[in-house]
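All remarks here apply to the structure that follows.
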Amino acid sequence: MRVVVALDESRAFALAESLEDEGIEVVATVAAEAVARSLADPASEVWESLAAADALVLPASRSALTVGVVAACDRNGVRIVPLGERAAEVRLARSFGLADPIPVAAEGWRVAEAVRSTTVGAVRAPADRGRVVVVWGAHGAPGRTTVAIELAVETARLRGHVALVDADTHAPSAAIALGLADEGPGFAAACRQAERGALDAAELTRLSMPVGGADGIVDVLPGLNRAARWPELSERRVAAALEVCRGWADVTVVDVAASLESDEEIVSDLEGPRRNAATLAALREADLVVAVAGADPVGIARLLRGCAELRSVVGATPVVVVANRLRAGPLGIDARGQVRRTLERFAGMDEVVFLPFDPRAADAALLAARPIGEVAPRSPLAQALRRLAARVEAERPQRQAEVIPLGEERTHRLPLVARRARRGRSSDARSA
């Protein structure tokens, strides 16, 4: 296994020595900024070194990881191992179809594992399409947006790449809840590009805004900054945009409005735009629906009244019911049992996920404009949301074959002295 290391001088030499200790031959060490310039000349030493290498290690910066570098690596069959940890670096690597970068200060053995593996990190097989999970709820603010945000953040900790789409045409609020600017292009721009056939993974990465940290990053496509712009989210546009999202993210969580009615009967223009078209299109595209209801008599009644309409739209798509803000006050003794028995008797829903009433954690997250799992990770609400994410993940169809990166079978590493001795013997053999 041969590799070219393109980093700053001090880091490049240290990493090259560590890789040599791991049994990987370092063909050349070059400055990161010089790679893009040198590859412009096919007669340059960097081009010759790259042609003789199996992998290229370089930082995921815009000055080093360029279109020309990626094209040259593709032409020579060289894998790229990006290094970086900032959100912008992760987004740049993903825009080129690369796996998430590993930290710049990672140990040499970790970089060696990435060089040897056919995939870096948890990457799905190309034939595996991403899932679309739609969070819906009846009228009355049962907590759809909160559940959608937290579900996306917690799912990102379980899976590689998660996207959050705000497709609410009545009261979009995901951007405000996360402290993001809602003046950007967001999901409406993605829908326009999808209608023109110009939407791809790179364009979605450009339009989205990253949220999260080391545990997982969620790419957010904010919703409309004015509800009056709802005609931009037509049914055809939303369906086309979500189809592209399947190839961009492992899981796409979509926050939609409550209304499900089709108003063709009360308008004369049957081909005109429909305000609820975005909700209906997202639900029809969904692989799983999370139905949120307030855990009180009014919220449960509203959910029961909307169940027939919901089922008529989604058909046989699985539905996970979430009873939010559970407390004994409005329900009396055995609040869980009352909710469960009511839904089972009148709607045939025998499985319910309960989220506790935790105003302290919810208010802290709203004040900080951050997810609850980051602001109050040990709160009862955060723990319940993690269980919800695990429940949603359990609904994923089983893969027939998993991609296992090479090198994962290594259970131990040779001591440094032994590795250097082995390196010395191989050097003597080459010289002989």
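On a predicted model such as this, the values are computed, not experimentally measured, just so you know.
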#### Entry: Lys/Arg N to Asp/Glu carboxylate O, Arg340 vs Glu351, below 4.0 Å
no
### Task
Give, for atom CD of Gln338 and atom CD1 of Ile333, the distance between the pair rounded to the nearest 0.5 Å.
8.5 Å
### Message
Return the CG to CG distance between Leu178 and Leu164, rounded to the nearest 0.5 Å.
### Response
7.0 Å
### Message
For the CD1 atom of Ile149 and the CG atom of Asp255, what is their distance to the nearest 0.5 Å?
### Response
7.5 Å
### Query
Looking at CG of Asp350 and CG of Leu343, how far apart are the two atoms once the value is rounded to the nearest 0.5 Å?
10.0 Å
### Task
Could you tell me whether the side chain of Ser379 and the main chain of Ala382 form a donor-acceptor pair under 3.5 Å?
yes
### Query
Does Trp248 offer a backbone N or O that forms a donor-acceptor pair with the side chain of His161 under 3.5 Å?
yes
### Query
What distance separates Thr279 OG1 from Leu283 CG, expressed to the nearest 0.5 Å?
6.5 Å
### Message
Does Arg336 form a side chain to side chain contact (heavy atoms under 4.5 Å, CB included) with Leu326? I'd like the steps, not just the answer.
### Response
CA-CA 8 Å; Arg336 285 174 179 262; Leu326 179 70; 3.3 Å; yes
### Query
Do you know the tightest heavy-atom contact between Pro222 and Ala181?
CG-O, 4.4 Å
### Query
If you draw a 6.0 Å radius around CZ in Arg327, do more than 12 non-hydrogen atoms from other residues or ligands fall strictly inside?
yes
### Salt-bridge criterion met for Arg246 and Glu243 (N-O under 4.0 Å)
yes
### Task
Could you tell me whether the side chain of Val320 reaches within less than 4.5 Å of the side chain of Arg391, counting heavy atoms only?
yes
### Task
Determine whether Asp287 and Thr317 make a side-chain contact, defined as any pair of heavy atoms from C-beta on separated by less than 4.5 Å.
no
### Query
If you take all heavy atoms of Leu56 and Ala6, which pair is closest and at what distance?
CD1-CB, 4.2 Å
### Message
Whether Glu232 and Arg192 form a salt bridge (side-chain N of Lys/Arg under 4.0 Å from carboxylate O of Asp/Glu) is what I want to check.
### Response
yes
### Task
Report, as yes or no, whether the 6.0 Å neighbourhood of atom CZ on Arg229 holds more than 12 heavy atoms from other residues, nucleotides or ligands.
yes
### Pairing of Arg206 and Asp200 as salt bridge, 4.0 angstrom limit
no
#### Entry: Whether Trp136 side chain and Ala258 backbone form a donor-acceptor pair below 3.5 Å
yes
### Message
Checking the side chain of Glu89 only, and the main-chain atoms of Pro101 only, is there a donor and an acceptor separated by less than 3.5 Å?
### Response
no
### Task
Scan Leu224, Asp166, Leu207, Val238 and name whichever one has a side-chain contact (heavy atoms from CB on, under 4.5 Å) with Phe187.
Val238
#### Entry: Reported CD-to-CZ distance for the pair Glu195 and Arg237, which is rounded to 0.5 angstrom
4.0 Å
## Note on the structure
Note: Pro318 and Leu288 closest approach over all heavy atoms is O-CD1, 3.4 Å
### Query
Can you tell if the side chain of Leu204 reaches within under 4.5 Å of the side chain of Leu199, non-hydrogen atoms only?
yes
### Message
Just by distance, no angles: are the side chains of His170 and Asn276 close enough, under 3.5 Å, to form a donor-acceptor pair?
### Response
yes
### Query
Sub-3.5 Å donor-acceptor pair from the side chain of Glu393 to the main-chain atoms of Thr155, do we have one?
no
### Query
Any sub-3.5 Å donor-acceptor pair from Asn324's side-chain atoms to Pro142's backbone N or O?
yes
#### Entry: Atom of Val26, atom of Ala16 and distance for their closest heavy-atom approach
CG2-O, 3.7 Å
### Task
Tell me whether the guanidinium CZ or amine NZ of Arg325 lies under 6.0 angstrom from the six-membered ring centre of Phe357 and within 45° of its axis.
no
### Message
Using side-chain heavy atoms (C-beta onward) and a distance below 4.5 Å, is Ser208 in contact with Val220?
### Response
no
### Task
Return yes if some donor-acceptor pair links the side-chain N/O of Arg302 with the main-chain N/O of His139 below 3.5 Å, else return no.
yes
### Query
Just wondering, do Val352 and Val322 contact through their side chains at under 4.5 Å, heavy atoms?
no
### Query
Side chains of Val292 and Val290: does their closest heavy-atom pair fall under 4.5 Å?
yes
### Verdict with reasoning, Glu235 to Arg284, per salt bridge (Lys or Arg N to Asp or Glu O under 4.0 Å)
CA-CA 10 Å; Glu235 182 175 3; Arg284 293 188 181 106; 2.9 Å; yes
### Query
Do Val218 and Pro210 come close enough that some side-chain heavy atom pair is under 4.5 Å?
no
### Task
Apply side chain to side chain contact (heavy atoms under 4.5 Å, CB included) to the pair Val162 and Asp219, showing each step before the final yes or no.
CA-CA 7 Å; Val162 176; Asp219 283 325; over 6 Å; no
#### Entry: Side chain Arg341, main chain Val339, donor-acceptor under 3.5 Å
no
### Test item: Val132 and Val254 side chains (from C-beta on) under 4.5 Å apart, heavy atoms
yes
### Query
Val115 and Asp54: side chain to side chain contact (heavy atoms under 4.5 Å, CB included), yes or no, with the steps?
CA-CA 8 Å; Val115 170; Asp54 300 301; over 6 Å; no
### Task
Output yes when a side-chain donor or acceptor of Arg311 lies under 3.5 Å from a complementary backbone atom of Gly315, and no otherwise.
yes
### Query
If you take all heavy atoms of Leu280 and Leu260, which pair is closest and at what distance?
CD2-O, 3.5 Å
### Query
Between Asp334 and Gly337, which heavy-atom pair has the shortest distance, and what is it?
OD1-N, 3.1 Å
### Query
Thr169 side chain to Arg275 main-chain N or O, any donor-acceptor pair under 3.5 Å?
yes
### Query
In terms of side-chain geometry, is the basic nitrogen of Glu154 or Arg386 positioned less than 4.0 Å from the acidic oxygen of its partner?
yes
### Verdict with supporting geometry, Cys307 and Met349, side chain to side chain contact (heavy atoms under 4.5 Å, CB included)
CA-CA 10 Å; Cys307 280; Met349 300 174 177; 3.1 Å; yes
